[in-house]
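In what follows, a structure is listed as structure tokens, so that the remarks can point back to it.
Just so you know, these numbers use all the heavy atoms, side chains as well, and skip hydrogens, waters and symmetry mates. All values derive from a computational prediction rather than experimental measurement. Read the numbers this way: they start at 1 and go in the same order the structure lists the ligands and their atoms. Numbering starts at 1 and runs along the sequence shown.
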Amino acid sequence: MQEALIEKGKQYLANTYNRYPIAVTKGEGCWIWDMDGHRYLDLLAGIAVCNLGHVHKDVLEALISQAGKLFHASNLFYMEPQIRAAELLVEHSFGQRVFFCNSGAEANEAAIKLARRYSWKKYGQGRYEIIVMENSFHGRTLCTLSATGQRKFQEGFEPLVEGFKYVPFNDAAAVEGAISEKTCAVMLELIQAEGGVYVADKRYIKALRDLTGKKDILLILDEVQTGVGRTGKLFAYEHYEIDPDLMSLAKALGNGFPVGALVGKEEVMDVFEPGTHASTFGGNPLAAATVTATLNTLLGEGVIRHCEEMGKHLVNRLLSLKEKYPFIVDVRGKGLIWGIELSIDGDAVQREFLKEGVILNCTKGKILRLVPPLVIGSEEIDIFLEIADRIFEKAQKR
Ligand SMILES: *Cc1c(COP(=O)(O)O)cnc(C)c1O
């Protein structure tokens with residue numbers, strides 16, 4: 001049944017994705033179903049989006065209730081759902097102001113524009129450079145693509161946006177060496193997720209905070225993937241005992257409803273004055289209602305602690321698999337974002353998992369990425385581990 005739809009999809013949709021050969025129709029918790037009624041254990045959660053699981057009841061209820069009142073009115077008005085969502089983000093983070101938008105790239109664009117403007121206003125022209133990391137990922141708009149430290153995404157789209165300097169990740173000396181009188185910000189992910197799940201060291205982040213703080217250079221954290229409970233804290237920066245100046249959020253912020261946000265300190269955010277930046281849909285009442293429901297559920301129901309516990313359970317067992325199978329080169333991550341680096345063809349292994357009804361993602365052709373819903377139970381993790389053991393054993397014999 002789904003073959004016909006898949007063919008149609010190939011005919012009508014832009015060919016920008018290597019899609020899995022299934023058409024999904026329904027989701028519930030950690031499970032999704034295809035058109036033919038097959039069930040899959042979803043360890044990808046819509047690419048780290050559905051942190052509370054698919055179609056979470058509180059988010060659904062908030063969405064339906066808001067939809068009956070007002071979809072959209074524009075940011076020319078004050079709207080209660082948006083203000084409540086902003087208040088929650090401020091109450092639970094270092095930030096004091098929130099700019100809402102619709103995606104991760106857009107949140108990062110806002111951060112980049114704001115950093116330049118902040119510096120321009122305070123120091124005049126010429127202080128516009130942003131230091132970014134090799135192997136990073138910040139989005140697909142021309143500007144965030146330029147900030148992304150991976151050539152493969154940039155090829156053929158030149159000329160790129162000027163003003164980004166790339167340095168190796170986890171190397172504070174490299175950042176120090178790259179800072180000049182032109183630098184206005186340092187921007188990075190605390191876990192390079194798309195890049196293959198590389199975790200920033202605590203000393204590195206503390207050093208960056210020191211370096212940037214001394215020179216009034218903004219520290220921008222791209223928490224589009226690591227934020228909203230993913231790492232076992234509401235925001236990943238909480239692991240590092242520092243506060244950034246700006247933080248971008250998106251992915252899980254609306255548990256599947258498209259919404260992004262830039263959260264920041266007052267003195268930086270207030271450089272955005274009327275007319276300097278905008279987004280028509282940004283934080284509209286529907287989106288904002290999902291943000292509030294998502295954050296309240298995450299904070300109120302112990303989901304974040306559960307995430308940390310499940311992460312420990314998962315990594316312990318993954319490390320035993322690593323002992324057993326020499327082609328598992330590394331296991332790394334935090335909370336419920338894990339990378340399993342293989343020395344064999346990861347895409348082939350990913351396809352094996354799909355055949356066995358498990359959805360996960362392979363990045364860089366060799367790193368399996370697990371970003372399951374944070375509400376995943378230990379029974380579900382054990383289902384995955386059992387299948388993994390079986391697939392790895394088969395791979396071992398080859
Ligand atoms: C996914 C992602 C983005 C881009 O978000 P979009 O919503 O796809 O624009 C940016 N940064 C990081 C760290 C991401 O994981």
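Each ring pair (Phe, Tyr, Trp, His ring centres under 6.0 Å) pair with one or both residues in residues 37-71, not counting sequence neighbours, would appear here, but there are none. Sorted by first and then second residue, the pairs that involve residues 106-138 and meet ring pair (Phe, Tyr, Trp, His ring centres under 6.0 Å), not counting sequence neighbours, are Phe137-Phe153.
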Please walk me through it: do Lys334 and Arg230 pass side chain to side chain contact (heavy atoms under 4.5 Å, CB included)? CA-CA 8 Å; Lys334 239 186 184 97; Arg230 175 57 56 192; over 6 Å; no
Candidate pair Ser279 and Glu106, rule side chain to side chain donor-acceptor pair (under 3.5 Å), full reasoning: CA-CA 9 Å; Ser279 172; Glu106 210 189 335; 2.9 Å; yes
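Close contacts of ligand 1 with Ser103, meaning ligand atoms under 4.0 Å from a residue heavy atom, involve 7 (O), 9 (O). Listed by number with element, the atoms of ligand 1 under 4.0 Å from a non-hydrogen atom of Glu189 are 13 (C).
At under 3.5 Å, a nitrogen or oxygen of Ala105, whether backbone or side chain, sits near a nitrogen or oxygen of ligand 1. Any N or O atom pair closer than 3.5 Å counts here, and Gln225 shares at least one such pair with ligand 1. The shortest N/O to N/O separation between Ala250 and ligand 1 does not fall below 3.5 Å.
From the protein, the heavy atom lying nearest to atom 11 (N) of ligand 1 is Asp222 OD2, 2.7 Å. At the top of the distance list for atom 2 (C) of ligand 1, counting protein heavy atoms only, stands Lys251 NZ, 2.5 Å. For atom 5 (O) of ligand 1, the nearest non-hydrogen atom of the protein is Gly104 CA, 3.3 Å.
Within the 4.0 Å heavy-atom cutoff, His138 counts among the residues contacting ligand 1.
The aromatic rings of Phe272 and His277 sit parallel, their planes meeting at an angle under 30°, below the 60° perpendicular limit.
Open room surrounds CD on Glu28; 12 or fewer heavy atoms of other groups in view lie less than 6.0 Å from it.
No donor-acceptor distance shorter than 3.5 angstrom exists from the side chain of Gln192 to the backbone of Val199, with no hydrogens or angles considered.
At a heavy-atom cutoff of 4.0 Å, ligand 1 is contacted by the side chain of Asn108 but not by its backbone.
Using a 4.0 Å threshold on non-hydrogen atoms, atom 8 (O) of ligand 1 does not count as touching the protein.
Clustering ILVMFWY residues whenever any of their side-chain heavy atoms sit less than 4.5 angstrom apart, transitively, puts Val224 in a cluster other than the one holding Leu219.
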